[in-house]
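To keep things clear, I will list the structure first and then write my remarks on it.
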Amino acid sequence: MATLKNDRFLRALLREPVDITPVWMMRQAGRYLPEYRASRSKAGSFMDLCKNPDLACEVTLQPLDRYPLDAAILFSDILTIPDAMGLGLYFSEGEGPKFERPIKSEADIDAIGVPDPEDDLGYVMEGVRTIRRELDGRVPLIGFSGSPWTLATYMVEGGSTKNFGLVKGMMFDRPDMMHKLLDKLADSVISYLNGQIAAGAQAVMIFDTWGGVLTPRDYEAFSLAYMRKIVQGLTREADGRKVPVIMFTKGGALWLDQMAETGCDALGVDWTLDMADARTRVQDKVALQGNMDPCILYSNPDRIREEVGRVLESYGRGPGHVFNLGHGIHPTIDPENVGAFIDAVHDLSKQYHD
């Protein structure tokens, strides 16, 4: 593997000194870029794009060719695991993901197995290998998965949901059944992320998109407990370096201190908490990633620069900060504003590092 030319992202995740604050964006390879839309059109569908390693590599690299980002993230989807379990994932135009065979019963849970990363999800592993080769050491590559609770939400609801009635109904009515499903999903995520690390991912991120819809008690029992299991089961060193683990619960600001005790290296923070408060909450046990509101990018370069400065000032001096948005970039953002954002992070962050 090529020597890493820019490792400040990995060093920041391990709370080691850096020259400037590294920056990347959730969904940085996405619909806001015209070149992405062209590749998506060429692929035919979103899942065809995900399942073609060469095209997945092409779109992963597009934002890096346009902006001086400090990390690449594998282009894929969080629902690859349930798709590999045979639930029949498909995407309806304007409606998001749906499953032909959602989980309705204990028999449905018994019928699904833990997917083999190289056999059942080989296109993802091949994508990781292709991207690592084509990156040639420019920046590190992030692998990722959805959290067990988030995956279960889609699998039980059969797609997106506003009220979480089916998945919470199962959780409250048959907690034993929900735990059985979550345990199988945790084993699947461990296998999947370790497969990505073996294929070349240099950091991994667990996206807990729907943990924030739970009560504190249920978050601990049905989401955090399984992410803790995953963190403990992951390969933590490859190519002679540590493989940092980032955990992100959208809407989980209240629970950062508990999340920091899981053994992860970094926590994603959404925009509902100032970085200063987040840093106090975790007492510098872990690095923090975030947390600008993505909608700031709808404003103008001066306003974006001002907000970047505010977030940097809130985090303060010292290592352990990876700049990111508080959630994924919106599809209708102007690419020029993204460039202004990334330049502002690199320019304004120098003063916070020795």
Side-chain angles (χ1 to χ4, degrees), residues 26-27 30-31 40 43-51 75-117 120-121 123-124 144-193 206-215 218-219 221-227 230 248-252 327-328 330-331:
M26 290 183 269
R27 292 202 203 112
R31 285 177 288 168
R40 162 85 181 260
S45 75
F46 175 72
M47 281 312 288
D48 287 337
L49 185 54
C50 289
K51 291 187 176 184
F75 182 79
S76 187
D77 191 77
I78 62 168
L79 298 178
T80 49
I81 287 175
D83 183 43
M85 289 174 161
L87 270 60
L89 175 66
Y90 67 100
F91 285 80
S92 304
E93 201 57 48
E95 289 186 41
K98 289 184 180 294
F99 286 109
E100 292 168 7
R101 294 172 289 281
I103 299 290
K104 297 290 184 195
S105 66
E106 194 158 5
D108 292 341
I109 297 169
D110 291 337
I112 57 176
V114 172
D116 180 279
D120 304 313
L121 289 156
Y123 65 92
V124 178
F144 72 92
S145 172
S147 71
W149 168 255
T150 293
L151 297 178
T153 295
Y154 286 102
M155 291 164 73
V156 174
E157 295 285 345
S160 303
T161 176
K162 286 191 166 66
N163 64 14
F164 302 89
L166 295 175
V167 70
K168 284 191 174 186
M170 183 187 290
M171 178 184 82
F172 289 129
D173 186 50
R174 288 291 308 275
D176 58 320
M177 204 158 109
M178 180 54 73
H179 282 302
K180 190 184 229 186
L181 175 58
L182 292 168
D183 204 47
K184 197 169 272 195
L185 284 167
D187 289 340
S188 300
V189 172
I190 291 168
S191 170
Y192 183 52
L193 289 178
I206 304 165
F207 284 91
D208 185 34
T209 311
W210 298 124
V213 306
L214 295 167
T215 67
D218 294 328
Y219 175 71
F222 293 95
S223 185
L224 191 61
Y226 292 96
M227 291 196 286
I230 291 164
F248 174 56
T249 295
K250 185 169 183 274
H327 201 236
H330 296 203

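All of these numbers come straight from a predicted model, not from anything done at the bench. Side-chain atoms are counted along with the backbone in the values below, which use heavy atoms only and exclude waters and symmetry mates.
The two atoms that bring Ser147 and Asp208 nearest to each other are OG-OD1, 2.6 Å, heavy atoms only. Scanning both residues, Met177 and Met170, for their nearest heavy atoms gives CE-CE, 3.6 Å. Of all the heavy atoms in Pro331 and Arg31, the pair that sits closest is CG-NH2, 3.4 Å. In plain terms, the two heavy atoms of Asp110 and Lys184 that are nearest each other are O-NZ, 3.7 Å. The minimum heavy-atom distance between Pro82 and Phe99, with the atom names listed, is CB-CZ, 3.6 Å.
Not one N or O on the side chain of Arg40 forms a donor-acceptor pair closer than 3.5 Å with the backbone of Leu49. A donor-acceptor contact shorter than 3.5 Å is absent between the side chain of Lys51 and the backbone of Tyr123.
The shortest distance between side-chain heavy atoms of Val124 and Pro117 does not fall below 4.5 Å.
The closest side-chain donor-acceptor pair between Trp149 and Tyr219, if any, does not fall under 3.5 angstrom.
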Could you give the side-chain donor-acceptor pairs of residues 157-166 under 3.5 Å, partners two or more places apart or in another chain?
| from | atom 1 | to | atom 2 | distance (Å) |
| --- | --- | --- | --- | --- |
| Glu157 | OE2 | Gly165 | N | 3.3 |
| Glu157 | OE2 | Leu166 | N | 2.9 |
| Glu157 | OE2 | Val167 | N | 3.0 |
| Thr161 | OG1 | Asn163 | N | 3.3 |
| Thr161 | OG1 | Phe164 | N | 3.0 |
| Asn163 | OD1 | Gly165 | N | 3.0 |

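Ring centers of Phe207 and Phe144: under 6.0 Å apart, within the cut-off.
Taking the six-membered ring for Trp and thresholds of 30 and 60 degrees, Phe222 and His179 have nearly parallel ring planes, at less than 30 degrees apart.
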